[in-house]
Amino acid sequence: MSGLQPPRGTHDLIGDTMRRHHHVVETARRVLRTYGFEEWSTPIFEDTRVFSRTLGETSDVVSKEMYTFEDRGGESITLRPEGTAAICRALVTNGLTQSLPQKVFYHGPMFRYERPQKGRYRQFHQIGAELIGAESPLRDAETIAMAQDILRELGLGDHVTLELNTLGDLASRQAWREALVAYFRDHADALSEESRVRLEANPLRILDSKSEQDRKLLDDAPAFADYLNDESRQFWDTLRSSLQAFGVDFVENPRIVRGLDYYSHTAFEFVTSKLGAQGTVLAGGRYEGLVEQMGGPAIPAIGWAGGIERLAMLLDSVPELPAGIALVPMGDEAVLKAASLARALRSAGLRAEIETRGNMKKRMERVVKSGASHAVVLGDEEIAKDVVQLRDLSSREQQEVPFADLVRVLSAGRA
């Protein structure tokens, strides 16, 4: 048992890693609430159909990456590979399709069997948001602006770039898709083996190919802009002007695509060059058929998700733990009084720890090393006088404080 390690593609969240993770979640939660978003939590595993029907049987996620198993009751269960489908399932299950819009955010572990690489794991964590009932491109722009605000609050504004594209409506996309298929079929011999498979099953995914031979063909492929109908062009124009109104800078990237039919119009990614080739840290888009696939009505929505591990890696510094207060009692009676004082301090929202090991010198050495701001020293003499010796460990000043005033004095110092 001494050689046990976490499974490949997983990692422990402890120490600095956990503090970074927590800081990302708490920062996002604070910004999301200013936009009126409410937190939801769905099960880590779902009926396999939640993902296989919505992500598509031919997608890489379904065909290669999902953790799917049969439970003891014979049901096919899948560990969630992403959060959007589960949120839409929850919307329908809980009868909320007539209570729109629903502004939802979530965070938690996701699972995909893929090759681990920098910032990418088989169990990874995402934070995401969905505006279900997004009636206009203004809502798309606002949701993108919200994502940018989170990145700025994390101190990442200078490290990421927003890339934006339009997928048009279904009619525009179908016309473009037909033109793409015809083009790639004419050049099928020049495609990579993987893209030849995609040509029949999901041709839009060829645009995502990292193969050098595929990318040479993309320069001359039909441009989507040539197939946008008037309605789609107006949506695209309004989206861009709305982003400008929100103060959001972007660059247009026609290579951003989504291979599923329910995506429409807006597609975007926040990317960075600080994580190597896998530079997307947050991405999303508009979708219009996903709720319907879950058994609800056709409801337009806009959403995004960001990888918490990747965002945490980009932080310039590790958030520090708040400095605590160390209680140093000497003697059995002092230990019991220290317990009572610690409870009062914690009830006031202050971090307090009781140090009981070793002599006074050893205890104070550990207290200083812990980074505590104050030491509360008490022994038999202090007990008799109902006071403590309060030592400020930064200024090294010490004062005698009555038991009844300790919380007030320390709270005033934190204000």
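Keep in mind it's a predicted model, so treat the numbers as computed, not measured. The first residue of the sequence shown is numbered 1, and numbering continues consecutively from there.
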Looking at D230 and R233, is there a salt bridge between them, counting it only when a charged N and a carboxylate O are closer than 4.0 Å? no

Just wondering, more than 12 heavy atoms not from F69 lying within 6.0 Å of its CZ? yes

Any donor and acceptor pair, going by atom type alone, linking the side chain of E82 with main-chain N or O of A85 inside 3.5 Å? yes

Between F111 and I44, is a side chain to side chain contact (heavy atoms under 4.5 Å, CB included) present by the stated rule, with each step listed? CA-CA 9 Å; F111 305 85; I44 288 176; 3.3 Å; yes

Could you pull out the closest heavy-atom pair between G168 and L228, with the gap in Å? CA-CD2, 3.8 Å

With side chains defined as the heavy atoms from C-beta onward, is the minimum distance between L191 and L217 less than 4.5 Å? yes

Is atom CZ of R343 surrounded by more than 12 heavy atoms (other residues, nucleotides or ligands) closer than 6.0 Å? no

Any donor and acceptor pair, going by atom type alone, linking the side chain of R351 with main-chain N or O of P322 inside 3.5 Å? yes

Is there side-chain contact between L378 and Q389, with heavy atoms separated by less than 4.5 Å? no

N-O pairing of E397 and R391 below 4.0 Å: no

Backbone of P7 reached by a side-chain donor or acceptor of T10 within 3.5 Å: yes

Under a 3.5 Å cutoff, is there a donor and acceptor pairing between the side chains of T143 and D140? no

Minimum heavy-atom separation for A223 and W176, please, with both atom names. C-NE1, 3.8 Å

Test side chain to side chain contact (heavy atoms under 4.5 Å, CB included), reference V281, set I308, V160, V271, output is V160

Looking at R19 and E320, is there a salt bridge between them, counting it only when a charged N and a carboxylate O are closer than 4.0 Å? no

Between H125 and H21 (judged by ring centroids, cut-off 6.0 Å), do the two rings come close enough to count as a pair? yes

Shortest non-hydrogen contact from A323 toward G371: CB-O, 3.6 Å

Would a distance-only check, ignoring hydrogens and angles, find a side-chain to backbone donor-acceptor pair under 3.5 Å from R20 to L315? yes

Kindly write out the residues that satisfy ring-ring contact (aromatic ring centres under 6.0 Å, His included) with F45, not counting sequence neighbours, or none if the list is empty. none

Can you tell me if CG on D71 sees more than 12 non-hydrogen neighbours from other groups inside 6.0 Å? yes

Looking at side-chain heavy atoms only, is the closest gap between T78 and V50 below 4.5 Å? no

Where do V104 and I87 come nearest, in terms of heavy atoms and distance? CG1-CD1, 3.9 Å

Looking at the rings of Y106 and W40, which for Trp means the six-membered one, are their centres under 6.0 Å apart? no

Is atom CD of E252 surrounded by more than 12 heavy atoms (other residues, nucleotides or ligands) closer than 6.0 Å? yes

Side-chain donor-acceptor pair present, E178, Y227, cut-off under 3.5 Å: no

Is any NZ, NE, NH1 or NH2 atom of the basic residue among E355 and R366 found under 4.0 Å from an Asp or Glu carboxylate oxygen of the other? yes

With a 3.5 Å cut-off and no angle check, do the side chains of R152 and Q148 form a donor-acceptor pair? yes

Please examine the side chains of E292 and I299, heavy atoms only from C-beta on, and report whether any two atoms are closer than 4.5 Å. no

Any donor-acceptor N or O pair under 3.5 Å, side chains Y183, D220: no

Kindly give the heavy-atom pair with the smallest separation between R363 and T356, and that separation in Å. NH2-O, 2.9 Å

Side chain of Q98, backbone of G95: donor and acceptor closer than 3.5 Å? no

Heavy-atom side-chain proximity of S76 to T68 below 4.5 angstrom: yes

Polar contact flag, side-chain donor to acceptor under 3.5 angstrom, T280-E269: yes

Please check if atom CD in Q234 has more than 12 non-hydrogen atoms from other residues, nucleotides or ligands closer than 6.0 Å. no

With side chain to side chain contact (heavy atoms under 4.5 Å, CB included) as the criterion, how do L410 and L390 come out once you've worked through the C-alpha distance, each side chain's angles and the decisive distance to 0.1 Å? CA-CA 9 Å; L410 286 169; L390 179 61; 3.9 Å; yes

Does the pair R196/E194 count as a salt bridge with the N-to-O cut at 4.0 Å? no

Taking atom types as modelled, find out whether D169 and S264 have a side-chain donor-acceptor pair closer than 3.5 angstrom. no

Between R139 and E142, is there a side-chain N and carboxylate O pair less than 4.0 Å apart? yes

Can you find a heavy atom in the side chain of R122 that is under 4.5 Å from one in the side chain of R8? yes

Check for me whether K337 meets the cation-pi criterion with F403, that is, NZ or CZ under 6.0 Å from the six-membered ring centre and within 45 degrees of the ring axis. yes

P81 backbone acceptor or donor facing R112 side chain under 3.5 Å: yes

If only side-chain N and O atoms count, and only distance matters, is there a donor-acceptor pair under 3.5 Å linking E309 with H11? yes

Side chain S242, main chain T238, donor-acceptor under 3.5 Å: yes

Set out, in order, the CA-CA distance, both residues' side-chain angles and the distance that settles side chain to side chain contact (heavy atoms under 4.5 Å, CB included) for F268 and E163, then state yes or no. CA-CA 6 Å; F268 64 95; E163 297 185 352; over 6 Å; no

Does T166 reach the side chain of F235, with side-chain heavy atoms less than 4.5 Å apart? no

More than 12 heavy atoms from other groups under 6.0 Å of CG on D226: yes

Can you confirm whether Y287 sits close enough to E130 that some side-chain heavy atom of one is under 4.5 Å from a side-chain heavy atom of the other? yes

Smallest heavy-atom separation, I144 atom then T266 atom, equals CD1-CG2, 4.0 Å

So, S192 side chain and S211 main chain: donor-acceptor pair closer than 3.5 Å or not? no

Could you check whether E46 pairs with R89 (Lys NZ or Arg NE/NH1/NH2 to Asp/Glu carboxylate O, under 4.0 Å)? yes

Would you call R255 and D219 a salt bridge, taking side-chain N to carboxylate O under 4.0 Å as the test? yes

Heavy-atom donor-acceptor pair, S411 side chain to R408 backbone, under 3.5 Å: no

Test item: D12 side-chain N/O and I14 main-chain N/O as donor-acceptor pair under 3.5 Å: no

Crowded around E135 CD? As in, over 12 foreign heavy atoms under 6.0 Å? yes

Can you list the steps and then say if L162 with D249 is a side chain to side chain contact (heavy atoms under 4.5 Å, CB included)? CA-CA 7 Å; L162 170 61; D249 295 327; over 6 Å; no

